[in-house]
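So you know, we letter chains A, B, ... as the sequences are listed, proteins then strands, and number each from 1. Note that the structure is predicted; figures quoted are calculated from it, not measured.
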Amino acid sequence: VIGEDVLYLTVRELGEKIRTKALSPVELAEAYLERSEGLGAKLNAYATLTRERALDEARAAEKEIGVGKYRGPLHGIPYAAKDLLAAKGYPTTWGARPFANQRFDHDANVIRRLHAAGAVLIGKAAMIELAGGMGYRYGTASISGGAKNPWNETCWTCGSSSGSGAIVAAGLAAFAIGTETWGSIVCPSAYCGVSGLRPTFGRVGRSGAMALSYTMDKIGPMARSADDCGLILQALAAHDLHDRGSLPQGEAEFHYAHASEKPLRIGWLTNAWKDVDAEVRKLTDHASATLRSAGAHIGDAALPDGPWEAAAGVTISVEGASAFESLIESGRVSELVDPAGKIGGYINMTIPGTDYARAQRLRGIIQRKIDALFDSFDVIAAPSLPIVATSMDTNLETDLAFADPLGGIGNFCGLPALSVPSGFTSKGLPAGIQFVGRALDDHKVLAAANLFQSHDKSHRRHPSP
Amino acid sequence: MKTISRRSFARNTVVIATAAAMLPSDLFAEETTTAPPNAEVEARIQWIFTKYGARLNDAQRADIRRLIASGQASIDAMRAYALDNADDPATPFRIQRGGSAK
């Protein structure tokens, strides 16, 4: 019987056991599937389990490894993919009732790449309907209900990669794939106490993924450590012929190295959040001290002032309204679960084209300004969020809204970011810190997070759901 | 954990919900009740009511009115940023020749 001691191992650790044949990919997949069928259902973590495919892929991995054909550290590793990624023959609901019966006859690019790396798809992770593209007021805004936080089941996981966060935190799979347009990897990673990487825009190909914002959607891994995120990104990063936003192969490909060769220069942001919860602040200060004692050079940094969040918001709103125009025009947005989702599309349809064009012109300006900040720092850092997980019934409009210039600028400019747990509050809820880098400096955000996790073991803690 | 009131985070420009993947409607949600009516806000509201009004109940109409009115300040802030003619968009058109646009 495979127990939690194995199910909570990192991808690197599981991979080594599989490579040396100390662990059977089939038995591992069975164990995660069984846990997912029980605990996963209780947490509303999955949209669909892909048992048949999982066992086919696991058997194939076991057979190949048995004859010495080892593909690398993801070979035989079970994972879940957010339910906006097409998986051939299985439902791909985009988290939304109007698409409840949607199926594709092909795999999304990232699922193809993970298959090629030998990974085992065990399920489609629950998500906020349409990745929040029409707006939402509650964490329950999903066809599969609100994803419960494994650290406290009365709390939400955050979204929109809500199931991906729950799955990794609850030990239901070794890793999960999430997506981020604005905050959808960073926030659930922080709320759930896992490590989540938002890669540079264009590094991971999006063909076969639901589009919300053509110029801001990114796909990335959520896992038990930053090191795992690096291993997974290496498998995902490549030019995608069918994604116009995809970088040329020479820029998209990623060769992962665990550490930085030089001491990292980390700019600690003084204006990422207007106010930070006292316990989160204390954990963040401790993280900063940990990095400093580990050899990083820490200095204060500040984000440029300007209407960047508004411009990013206009971009998402207009691109989302276009992406879902037929849904909005048909009136089927009324089938969405959330009251805000039922009307958000209509509001977004009224934003003038000149505002969208202005947002894109402002984008060029903030790109130059933020790039200049990285002349002084390898990465910038801040709390992932100024709070920890909130209750499932929190009204996000009235009770939980605050400015997020780092999320706005980082996503608007396509910058890589990595959120890792910074520690736990007195109530046992995880907090997170995020590292954000210059475009294409995914290796630096990974190096910073690896440095932190080599001196802090918060990421090794797991709940007992 | 200490509950952080929304007021403590509120500011006069853009306010978003932590609920990620950015909520377009939340983006425009403000601490203040509603901004004073102006012609543009009213025109946007009436466009929705004219085109989609038959689908909307009273609560939805009120939400739409509130969200558009309260969000106007962030749009106005974006418009107030001075741009030169030479400030071109960050998303340029790329030509295509043959099967790939790359």
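- Pro339(A) does not touch chain B: none of its heavy atoms, backbone or side chain, sits under 4.5 Å away.
- Interface with chain A: from residues 53-62 of chain B, residues Arg55(B), Leu56(B), Gln60(B) qualify, criterion being any non-hydrogen pair under 4.5 Å.
- Proximity to chain A (any heavy atom under 4.5 Å) is restricted, for Asp88(B), to the backbone atoms N, CA, C and O.
- Neither the backbone nor the side chain of Glu180(A) comes within contact range of chain B, judged by heavy atoms closer than 4.5 Å.
- Thr215(A) touches chain B through its side chain: at least one heavy atom from C-beta onward sits under 4.5 Å away, while N, CA, C and O do not.
- Summarising the geometry of Trp47(B) relative to Thr350(A), their closest heavy-atom pair is CE3-CG2, 3.5 Å, with the distance given to 0.1 Å.
- Counting only heavy atoms from C-beta outward, the side chains of Arg137(A) and Asp63(B) approach each other to under 4.5 Å.
- Closest approach of Pro89(B) to Arg361(A), counting heavy atoms only: N-CG, 3.8 Å.
- For the pair Glu329(A)/Tyr52(B), a side-chain contact is recorded, criterion being any heavy-atom separation below 4.5 Å from C-beta on.
- Taking all atoms of both residues into account, the shortest heavy-atom contact from Met78(B) to Ala311(A) is SD-CA, 3.5 Å.
- What you find for Gly364(A) and Ala90(B) is that their closest heavy atoms are N-CB, 3.6 Å.
- Under a 3.5 Å cut-off, the side chain of Arg358(A) and the backbone N or O of Tyr81(B) do form a donor-acceptor pair.
- The shortest heavy-atom contact between Ala310(A) and Ser74(B) is CB-O, 3.6 Å.
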*asked:* One pair to check against side chain to side chain contact (heavy atoms under 4.5 Å, CB included): Ile343(A) and Leu67(B). What are the steps and the verdict?
replied: CA-CA 10 Å; Ile343(A) 59 171; Leu67(B) 290 165; 4.1 Å; yes
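- Salt bridge annotation for Asp355(A)-Arg79(B): present, with a cationic side-chain nitrogen under 4.0 angstrom from a carboxylate oxygen.
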